[in-house]
Amino acid sequence: MEISKNFDFKAAENKWYTHWLDQKYFESTPDDREPYTVVIPPPNVTGILHMGHCLNNTIQDILVRRARMMGKNACWVPGTDHASIATEAKVVQMLRERGIQKASLSRNEFLGYAWEWKEKYGGIILQQLKKLGCSLDWNRTSFTMDPDYYNSVIHVFNDLYTKGYIYRGKRMINWDPRAKTALSDEEVIFKEVQGKLYFLKYQLVDADGNKLPLADAGITIATVRPETILGDAAIAVNPNDERFKHLIGSYAVVPLIDRKIPIIGDDYVATDFGSGALKITPAHDMNDNQIGIKHGLAVYDILNEDGTLSNEAQLLIGKDRFEARKEIVVLLEQAGHVVKIEDYVHQVGFSERTDVVVEPRLSLQWWVDMKKIAGPALSAVQDGEINFHPAKFKNLYRHWMENIKDWCISRQLWWGHQIPAWYDAEGRFVVAMNEKDAIEKFSKAYNIDNPQLKQDEDCLDTWFSSWLWPFEVFKGISNPGNKDVSYYYPTQSLVTAPEIIFFWVARMIMAGYEYMGKKPFSDVYFTGIVRDTQGRKMSKQLGNSPDLLEMIDEIGADAVRFGILIASPAGNDLLWDKASNEQGRNFINKLWNALKLIEIWKEKAKANLSAEEVSLASDWPHQWFDARLRASSAEIDQLMAQYKLSEALKTLYSLIWDDFCSWYLEWVKPGFEKPMDQAHLDKVINNFEMLLERLHPFMPFVTEEIYHLLREQQNVDLCVRQLDQTLQPTSSDAQTLKEGEVLKSAITAIRDARVKAQIKNKDAVEIYCTAQEQADWEIIRPLLSKQVNASSFSFTTDAIANSIQLVVGSAKLYIKSEQAIDTSAQRKTIEDEL
RNA sequence: GGAACAUUAGCUCAGUUGGUUUAGAGCAUUACUUUGACAGAGUAGGGGUCACUGGUUCGAGUCCAGUAUGUUCCACCA
């Protein structure tokens with residue numbers, strides 16, 4: 001067979017991926033083998049493949065391919081997440097480009113466009129995963145808004161509501177004024193912002209209700225959001241603060257709008273911050289809200305849902321909050337209320353999805369009482385029922401679970417699972433599976449015939465559907481106890497990013513115990529964050545995120561997989577450099593050249609020579625490589641069991657490059673223009689196959705290609721070939737490996753000597769060594785007589801007594817033991833002679 | 001403010017319960033080597049006060065305390 005000079009990765013990637021799909025290798029049905037199940041963390045339906053996905057899915061593919069080759073029933077489920085906020089934002093943007101306002105559409109019209117968008121663009125990322133070589137079972141592709149999945153989400157809502165775990169309540173929530181929706185605490189990202197701290201003086205009111213002149217008296221508060229004074233309901237001071245305690249019980253006046261508000265005492269107020277007096281705005285601050293409830297204060301909601309000022313603000317109505325901030329400062333200055341303005345660096349919450357400043361806002365939302373379902377999920381991780389890799393995330397998880405807060409699950413969006421609650425005009429409601437049931441329930445509950453009901457406009461948080469992912473992809477709720485879910489659930493490994501440990505991982509564990517009565521997975525592998533060489537996160541804004549598909553096109557999926565994995569220490573972020581792709585490419589090239597060498601040997605073996613002419617007489621190199629392979633395999637098994645994939649790959653890399661190519665192939669290499677013995681060649685090919693087996697999960701395309709070129713006809717394809725799992729080190733391996741080490745150093749010494757001898761034109765060199773070294777050399781004496789190597793060097797032992805003579809070309813080298821002398825000094829002398 | 005984790009060669013990292021004379025690997029770098037699978041290669045070499053300061057010990061990269069720096073998570077004082 002003609003082997004091309006270089007590996008044609010494009011042809012191989014196309015050829016093998018198509019072939020694997022044709023052979024249905026990745027499809028899975030329950031049988032009597034042990035299952036190995038992985039569910040993909042469903043990427044956003046809007047997503048495109050980036051480095052994080054690349055790392056994450058390469059790792060999953062390695063685990064799954066390896067499991068498949070170890071005889072397990074491997075099942076890797078693909079799918080996408082409807083990603084309510086992200087997708088809705090994309091659709092709104094698309095409509096805007098077409099000149100359509102969302103507000104002008106009905107819910108159904110909007111959803112029509114959204115589905116249209118999803119059918120057209122959604123799931124691009126799944127196609128991209130194919131390019132990476134991911135061995136997913138595409139028949140099982142799921143979407144969190146598939147009809148069955150949708151119903152299951154609704155069912156779970158009903159069930160939790162019935163159990164009393166879900167309630168509706170008016171609470172402070174994080175409001176995203178751009179997406180016009182509530183956010184959970186986890187969706188808020190705090191960033192440090194350079195802002196201003198405004199010190200504002202409020203007029204005091206005397207006992208008779210008269211306002212005292214601002215110049216004489218007043219109370220100064222500090223705020224970073226001066227526009228919110230319009231919603232002030234009180235001023236609070238610390239009851240122990242000597243400066244202000246006499247004012248408690250009196251009143252002040254909100255500047256510009258003349259609202260009379262009480263001055264109250266509360267321990268919450270810090271005496272050493274700002275002015276020591278705190279304005280209380282119950283509608284727009286989490287803590288103020290608590291204080292407001294405690295003191296029974298009025299609530300003035302001065303913001304509209306889009307972040308503009310409401311009628312209740314009385315001033316600057318309709319202005320955006322940031323515009324209003326600027327303007328109100330001018331007004332306050334004119335009225336003499338501004339004492340001073342200081343620069344101030346503080347933390348401000350931003351929406352994870354839209355990156356706008358989040359407003360704390362009081363609103364009526366749906367909540368899950370997390371304390372009621374967190375119990376089993378906490379102990380499962382504590383007791384090692386579920387293992388985290390790396391284990392450090394166990395602490396983090398415990399802390400969060402022990403301090404868990406209720407989960408706000410309603411979102412003011414249309415794209416998603418509509419909350420299954422139906423209301424009448426008076427606001428009375430029932431929770432039901434559908435409208436028909438709702439009417440029935442409502443009639444019963446309130447004793448009304450034919451009630452006119454309207455379904456809740458809001459949607460459920462995306463994570464309220466994805467927490468069912470590990471079992472609902474097998475229809476664990478829509479078709480309970482079916483064959484697939486009983487066989488493939490619980491899954492084995494979950495590979496995900498630590499950022500979503502609370503969003504997703506913790507909640508999946510809770511849902512798993514609640515609905516399946518079993519953990520959703522046994523092991524969670526948290527990957528690091530992919531950063532650039534300067535340690536910055538990959539991001540669109542920085543432009544440091546490479547185009548993955550372009551890279552795959554340039555250098556091949558195998559090289560990219562190698563590149564990202566070799567740079568990925570277990571449990572740490574990885575600083576990714578494009579150069580590591582080149583290391584991957586070089587490695588592929590090395591494999592390819594080994595194939596070319598073997599191809600030459602095949603030709604030589606055809607020469608059909610007599611036994612005498614076949615000079616390679618010793619089996620020792622094979623014995624040595626077998627021992628080496630056994631040792632490395634055991635090591636790789638161990639590393640893989642600990643999810644140290646990067647190290648496993650490094651071990652393989654050095655096994656192939658150093659042991660196989662640099663030593664083993666040299667030792668079995670026939671002399672120049674000498675024939676090749678077929679038995680030896682078969683053994684070499686056999687060993688190469690063993691290496692390809694082990695490398696295949698990491699670099700599937702090049703290994704499959706080489707595997708098929710090695711022999712004319714292969715019985716099975718490499719991707720489903722069964723790994724020889726009996727490969728364990730034997731008792732004699734240690735001795736064999738030791739011999740190998742000594743031989744390596746002997747050969748190295750000879751090379752050195754040869755170089756030196758040639759330089760000095762000497763034809764014989766002596767090296768003196770210690771007794772220990774002499775003993776080491778003795779180990780290989782029997783090997784030397786076997787003429788281990790037929791081409792570069794030859795060895796004889798028939799020389800001077802008590803020494804080993806090495807013949808290197810025309811140069812002879814004697815290794816002698818000289819115990820009495822100082823070896824380093826002696827050596828130096830010899831080197832000088834040379 | 002609280003916590004977790006980290007700090008070993010230019011870079012990225014190994015270093016098992018403290019014990020092989022001289023602390024490892026890959027990449028990068030330097031010198032040399034090009035008709036025999038492979039210059040996308042080979043060979044050889046350089047490069048480290050194991051963050052710092054103390055302590056425990058016969059012995060510390062490894063254990064303890066403190067300091068510094070960094071990363072991440074949690075909380076958040078207007």
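Because the structure is predicted, anything quoted here is derived from the model rather than measured. In what follows, every chain begins at residue 1, and chains take the letters A, B, ... in the order their sequences are listed.
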Under 4.0 Å: is that the gap between some side-chain N or O of K669(A) and OP1 or OP2 of G36(B)?
no
If the C1' atom of U22(B) is compared with that of U49(B), how far apart are they to the nearest Å?
16 Å
Taking pairing as Watson-Crick or G-U wobble with both contacts under 3.5 Å, can you name the mate of G24(B), or confirm there isn't one?
C13(B)
Return the value, rounded to whole Å, for the distance between atom NE2 of H346(A) and atom P of A78(B).
7 Å
Any K405(A) side-chain nitrogen or oxygen under 4.0 Å from OP1 or OP2 of A75(B)
yes
Picking from A37(B), C74(B), A78(B), the nucleotide nearest the side-chain atoms of K596(A) would be A37(B)
Between A4(B), C76(B), C38(B), which nucleotide has the shortest distance from any of its atoms to the side chain of N593(A)?
C38(B)
Please measure how far the C1' atom in G61(B) lies from the corresponding atom in A6(B), and state the result in whole Å.
14 Å
U30(B) and C64(B), which share atom name P, separated by this distance in whole Å
42 Å
Gap in Å between the two P atoms, one belonging to G18(B) and one to A4(B), rounded:
22 Å
How long is the line joining CZ of R585(A) and P of C27(B), in whole Å?
14 Å
For the side chain of N395(A), starting at C-beta, report the closest nucleotide among G40(B), A4(B), U12(B).
A4(B)
If you measure from the Lys or Arg side-chain nitrogens to the Asp or Glu carboxylate oxygens, is any gap between R321(A) and E227(A) under 4.0 Å?
no
What integer distance in Å separates D232(A):CG from A78(B):P?
16 Å
Using whole Å, report how far CG of L574(A) lies from C1' of U71(B).
14 Å
With nearest nucleotides of RNA chain B determined for D288(A) and F502(A) from heavy-atom distances, which residue corresponds to the more 5′ nucleotide?
F502(A)
Roughly how many Å is it from NZ in K604(A) to C1' in A37(B), rounded to a whole number?
11 Å
Nearest to the side chain of N586(A), heavy atoms from C-beta on, is which of A78(B), A37(B), G40(B)?
G40(B)
How far, in whole Å, is G47(B) from A25(B) if one measures between their P atoms?
14 Å
Quick one: label L278(A) by what it contacts on the DNA or RNA (base, sugar-phosphate, nothing), any heavy atom closer than 4.0 Å.
base
Among F587(A), F660(A), F698(A), which residue meets the ring pair (Phe, Tyr, Trp, His ring centres under 6.0 Å) test with Y653(A)?
F587(A)
Using only side-chain N and O atoms of Y653(A), determine if any of them is under 4.0 Å from OP1 or OP2 of A25(B).
no
Rounding to the closest angstrom, what is the interatomic distance between A51(B) and A9(B) at atom C1'?
15 Å
Any side-chain N or O of W657(A) below 4.0 angstrom from OP1/OP2 of G42(B)?
yes
Could you tell me if K596(A) and N593(A) have a donor-acceptor pair between their side chains, going purely by distance under 3.5 Å?
yes
Identify the nucleotide, in any strand shown, that forms a Watson-Crick or G-U wobble pair with G61(B), with both distances under 3.5 Å; if there is none, say none.
none
Taking 4.0 Å as the cut-off, does a side-chain nitrogen or oxygen of Y344(A) come that near to OP1 or OP2 on A78(B)?
yes
Describe, in one word, how the ring planes of F388(A) and F526(A) are oriented to each other, choosing from parallel (under 30°), tilted (30 to 60°) and perpendicular (over 60°).
perpendicular
Any luck finding a side-chain donor-acceptor pair between Y202(A) and D232(A) under 3.5 Å?
yes
Any ion pair linking E599(A) and K602(A) (charged N to carboxylate O, less than 4.0 Å)?
yes
If pairing means Watson-Crick or G-U wobble with both distances under 3.5 Å, then the partner of A39(B) is none
Strictly by Watson-Crick or wobble contacts shorter than 3.5 Å, is anything paired with G47(B), and which nucleotide is it?
none
Base, sugar-phosphate, or nothing for E647(A), non-hydrogen atoms under 4.0 angstrom?
sugar-phosphate
Quick one: look up who U69(B) pairs with, Watson-Crick or G-U, both distances under 3.5 Å, and put none if it's unpaired.
A6(B)
So does R398(A) get a side-chain nitrogen or oxygen closer than 4.0 Å to the phosphate oxygens (OP1/OP2) of A3(B)?
no
Any carboxylate oxygen within less than 4.0 angstrom of a Lys/Arg side-chain nitrogen, looking at E689(A) and R694(A)?
no
As a test of reading the structure: which of C73(B), A4(B), A78(B) is closest to the side chain of K392(A), going by heavy atoms?
A4(B)
Grab the NZ-P distance between K644(A) and G26(B) for me, whole Å please.
19 Å
A75(B) pairs with, by Watson-Crick or G-U criteria that keep both distances under 3.5 Å
none
Of the listed nucleotides (A78(B), A37(B), C76(B)), which one gets closest to any side-chain atom of F190(A)?
C76(B)
CD1 of I656(A) versus P of C38(B): gap in Å, rounded?
19 Å
Per atom distances to the L575(A) side chain, the nearest of C76(B), A78(B), U12(B) is U12(B)
Touch check for Q347(A), heavy atoms < 4.0 angstrom, all strands: base, sugar-phosphate only, or nothing?
base
Would you kindly check whether a donor in the side chain of K590(A) faces an acceptor in the base of C38(B), or vice versa, at under 3.5 angstrom?
yes
I'd like to know if R225(A) pairs up with E359(A) as an ion pair, taking the criterion as any Lys NZ or Arg NE/NH1/NH2 lying under 4.0 Å from an Asp or Glu carboxylate oxygen.
yes
When the distance from CZ of F273(A) to P of C76(B) is rounded to whole Å, what number comes out?
15 Å
What's the gap between G42(B) and G48(B) when it is taken at their C1' atoms, as a whole Å value?
27 Å
Interatomic distance at P, C52(B) relative to U34(B), whole Å
45 Å
